[in-house]
Amino acid sequence: MSKVLILNHPLIDHKMAIIRDKNTSTKDFRENVSEIGALITYEITRNLETIKKEVETPIKKTEVKVLSKPVVIVPILRAGLGMVDGIHNIIPTAKIGHIGLYRDETTLEPHTYYQKFPDEIKEGVILLVDPMLATGGSAVAAIDILKKHQAKQIIYVGLVGCPEGVKRLSEAHPDVDIYLAALDEKLNSDGYIVPGLGDCGDRLFGTK
């Protein structure tokens, strides 16, 4: 089964408190989502493989470590975009792909409307970014797409999840590790996480 990590960190907790507040402005919400993305990056990259390389410092030649694989950030549109800048600021060499999904309001199942990936998708470490792991349908569908494009090492990166979404993703793709800033109580009948933080896409972009 998937490894599920809830990132307990005082700064992440503090910023999560800000974005959970319904009175937080669009500007402050967007900035804090991006900053949480940056903070999470240190944890999700902790176990990335490195290889040895020789460089010459101003003093002498020495052996250093560099990442063995390229990193590809793949946000699920549109809410995933809110975390991309924060992650990319920490890994500026990462390439960025995109998956566009929308959720059927009746069935709550996802439908794909856009996909575009860099060539590194096949051999790279893929960070699939979507703030809310609710029903799990979008995450499962996105990973299905990535695997069809021969992605082999995929990590799910989110802000808030719930047991239902974690279970569905873990069962569908047990080889994909799940990183979250918080694991909440449950889904409600409308498919929203409780207590959650509302519709992340709407709050990021000021839409309803």
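For the numbers below, each heavy atom of this structure counts, side chains included, while hydrogens, waters and symmetry mates do not.
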Joint hydrophobic cluster, [X] plus [Y], side-chain heavy atoms closer than 4.5 Å:
{"X": "Phe117", "Y": "Val176", "result": "yes"}
{"X": "Tyr156", "Y": "Ile121", "result": "yes"}
{"X": "Val84", "Y": "Tyr179", "result": "yes"}
{"X": "Val71", "Y": "Ile87", "result": "yes"}
{"X": "Ile44", "Y": "Ile12", "result": "yes"}

Tell me whether Ser68 contacts the main-chain N or O of Glu49 through its side chain, where contact means a donor paired with an acceptor under 3.5 Å.
yes
Look at the side chain of Arg20 and the backbone N and O of Pro195, then say whether any donor-acceptor pair between them is shorter than 3.5 Å.
no
Tell me whether His111 at atom NE2 has more than 12 heavy atoms from other residues, nucleotides or ligands lying less than 6.0 Å away.
yes
Heavy-atom pair with the smallest gap, counting every atom of [X] and [Y]:
{"X": "Gly86", "Y": "Ile90", "answer": "O-CG1, 3.5 Å"}
{"X": "Gly201", "Y": "Ala79", "answer": "N-CB, 3.8 Å"}
{"X": "Lys69", "Y": "Gln153", "answer": "NZ-OE1, 3.0 Å"}
{"X": "Asn23", "Y": "Asp21", "answer": "N-OD1, 2.8 Å"}
{"X": "Leu187", "Y": "Glu164", "answer": "N-OE2, 3.2 Å"}

According to the interplanar angle, ranging from 0 to 90°, do the rings of His98 and Tyr114 count as parallel (below 30°), tilted (30 to 60°) or perpendicular (above 60°)?
tilted
Whether Arg78 and Asp202 form a salt bridge (side-chain N of Lys/Arg under 4.0 Å from carboxylate O of Asp/Glu) is what I want to check.
yes
Qualifying side-chain hydrogen bond (donor to acceptor under 3.5 Å, both in side chains) pairs, either residue in residues 87-96, two or more places apart:
Lys95-Glu120
